[in-house]
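Shown next, in structure tokens, is the structure this report addresses.
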Amino acid sequence: MARVSQEHLDARRRQILDGAARLFARNGFHATSMQDVLKEVDLSAGAVYRYYSGKDELIAAIVNEVLGEIRAAFADVTRQSPPPPPDLLVGLVLGRTLRVWSSLDVEGEPLFPRLMMQVWAETVRNEELALVLRDVFTELRENWVAAVEAYQEAGMMGAEIPAEHVARTMIATVQGFVAQQALFGAAPVEVLQNGLRGLMSMPAPRPES
């Protein structure tokens with residue numbers, strides 16, 4: 001019996017993940033069945049279950065892939081010291097992340113924001129997924145804290161504001177921008193970058209006399 005090449009196995013796994021991601025982004029996790037996935041990817045049950053035992057494993061695989069891309073993107077752009085300014089750093093990380101499944105847009109809209117909305121909602125009922133996201137949030141917060149401290153040491157940012165507060169705000173800004181794209185339609189990353197640049201240009205408030 002001929003052996004199946006690794007390239008074939010990887011391509012088949014990619015086919016299944018891409019199809020499941022499209023369905024999850026379009027219909028949500030709970031409204032998508034494994035039968036829907038089989039139909040979407042045009043494969044038999046045996047072919048799909050060879051790679052994934054069920055919907056929960058598919059969800060976990062997709063989430064881990066997205067989060068892995070976010071980790072890698074952040075690690076790449078923070079290697080220099082100090083890192084790029086916040087507006088550039090956010091643009092580089094978010095732009096790379098949005099391209100993860102850029103070829104799989106749903107109804108003309110980017111897949112990633114809609115998929116992330118489903119993931120965030122799923123954490124309410126899925127404790128395992130919630131733990132994964134908490135770990136990733138902790139890691140990203142620590143990375144952002146390190147970046148902010150580097151800005152402060154380089155004189156690029158005032159040291160009077162706790163780095164932890166800035167880190168949480170930057171993460172919330174990105175999360176909010178992703179939610180806007182999912183709810184109200186796509187917008188280029190430059191919109192977020194320009195907004196951050198505008199906020200960063202505001203002078204510090206004058207002390208009350």
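One is the number of the first residue; the rest follow in order along the sequence.
The CG atom of D76 lies 14.0 Å from the CZ atom of R71; values are rounded to the nearest 0.5 Å. Atom OG1 of T32 sits about 4.5 Å away from atom CG of N27, to the nearest 0.5 Å. For the atom pair CG (L199) and CG (D87), the distance works out to 10.5 Å, reported to the nearest 0.5 Å. The distance from the CZ atom of F112 to the CD atom of E69 is 9.5 Å, given to the nearest 0.5 Å. Separation of atoms CG (L92) and OG1 (T97) is listed at 10.5 Å; rounding is to 0.5 Å. Rounded to the nearest 0.5 angstrom, M170 CE and R141 CZ are separated by 16.0 Å.
Looking at D36 and S33, their side chains do bring a donor and an acceptor atom within 3.5 Å of each other.
In this structure, N126 and F29 have side chains that are not in contact, with every pair of non-hydrogen atoms separated by 4.5 Å or more. At a threshold of 4.5 Å between non-hydrogen side-chain atoms, the residues R168 and T173 do not count as touching. The shortest side-chain heavy-atom distance between K55 and F24 falls under the 4.5 Å cut-off. Side-chain atoms of V48 and R12, non-hydrogen and from C-beta on, never get closer than 4.5 Å to each other. Inter-residue side-chain proximity for N143 and E139 is flagged as met; some heavy-atom pair is nearer than 4.5 Å. No side-chain heavy atom of Q193 sits less than 4.5 Å from a side-chain heavy atom of V90. Between R96 and I70 there is no side-chain heavy-atom pair separated by less than 4.5 Å. Side-chain contact between P86 and M157 is present, with at least one heavy-atom pair separated by less than 4.5 Å.
Listed here is the closest heavy atom pair of E57 and Y51: OE2-O, 3.6 Å. Annotation for M117 and A182: closest pair CG-CB, 3.3 Å, computed over non-hydrogen atoms. Taking each heavy atom of A61 and L17 in turn, the nearest pair found is CB-CD2, 3.8 Å. When all heavy atoms of A20 and I62 are compared, the pair lying nearest together is CB-CD1, 4.0 Å. Nearest heavy-atom pair, A186 versus Q181, reported as atom, atom and distance to 0.1 Å: CA-OE1, 3.5 Å. In plain terms, the two heavy atoms of M156 and P83 that are nearest each other are CE-O, 4.4 Å.
Cluster membership check: M116 does not share its hydrophobic cluster with L131, using side-chain heavy-atom separations under 4.5 Å among Ile, Leu, Val, Met, Phe, Trp and Tyr. The hydrophobic clustering, which links ILVMFWY residues whose side-chain heavy atoms are closer than 4.5 Å, places V124 and L183 apart. Tracing side-chain contacts under 4.5 Å through hydrophobic residues (I, L, V, M, F, W, Y), one never reaches V174 starting from V145; they form parts of separate clusters. Residues L88 and L196 fall into different hydrophobic clusters, defined by Ile, Leu, Val, Met, Phe, Trp and Tyr side chains chained together at heavy-atom separations under 4.5 Å. Residues V178 and F184 fall within the same hydrophobic cluster, defined by Ile, Leu, Val, Met, Phe, Trp and Tyr side chains chained together at heavy-atom separations under 4.5 Å.
Looking at E40, its side chain never comes within 3.5 Å of a backbone N or O of R22 through a donor-acceptor pair. Judged by distance alone, the side chain of E122 and the main-chain N or O of Q118 form no donor-acceptor pair under 3.5 Å. Although no hydrogens or angles enter the test, the distance criterion places a donor-acceptor pair under 3.5 Å between the side chain of Q15 and the main chain of V41.
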Should I59 and D56 be marked as a side-chain contact (heavy atoms from CB on, under 4.5 Å) after you check the CA-CA gap, both sets of side-chain angles, and the distance that decides it? CA-CA 5 Å; I59 293 170; D56 284 346; 4.3 Å; yes
- Stepwise, does the side-chain contact (heavy atoms from CB on, under 4.5 Å) test hold for Y52 with V37? CA-CA 11 Å; Y52 302 100; V37 174; over 6 Å; no
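Applying the salt bridge (Lys or Arg N to Asp or Glu O under 4.0 Å) criterion to D10, with sequence neighbours excluded, gives R13.
Screening residues 144-169 for ring-ring contact (aromatic ring centres under 6.0 Å, His included) gives F74-W144 as the qualifying pairs, with residues at least two apart or on separate chains. Under the ring-ring contact (aromatic ring centres under 6.0 Å, His included) criterion, no residue pair touches residues 117-140, with sequence neighbours excluded.
Using a 4.0 Å cut-off between charged nitrogen and carboxylate oxygen, E127 and R134 count as a salt-bridge pair.
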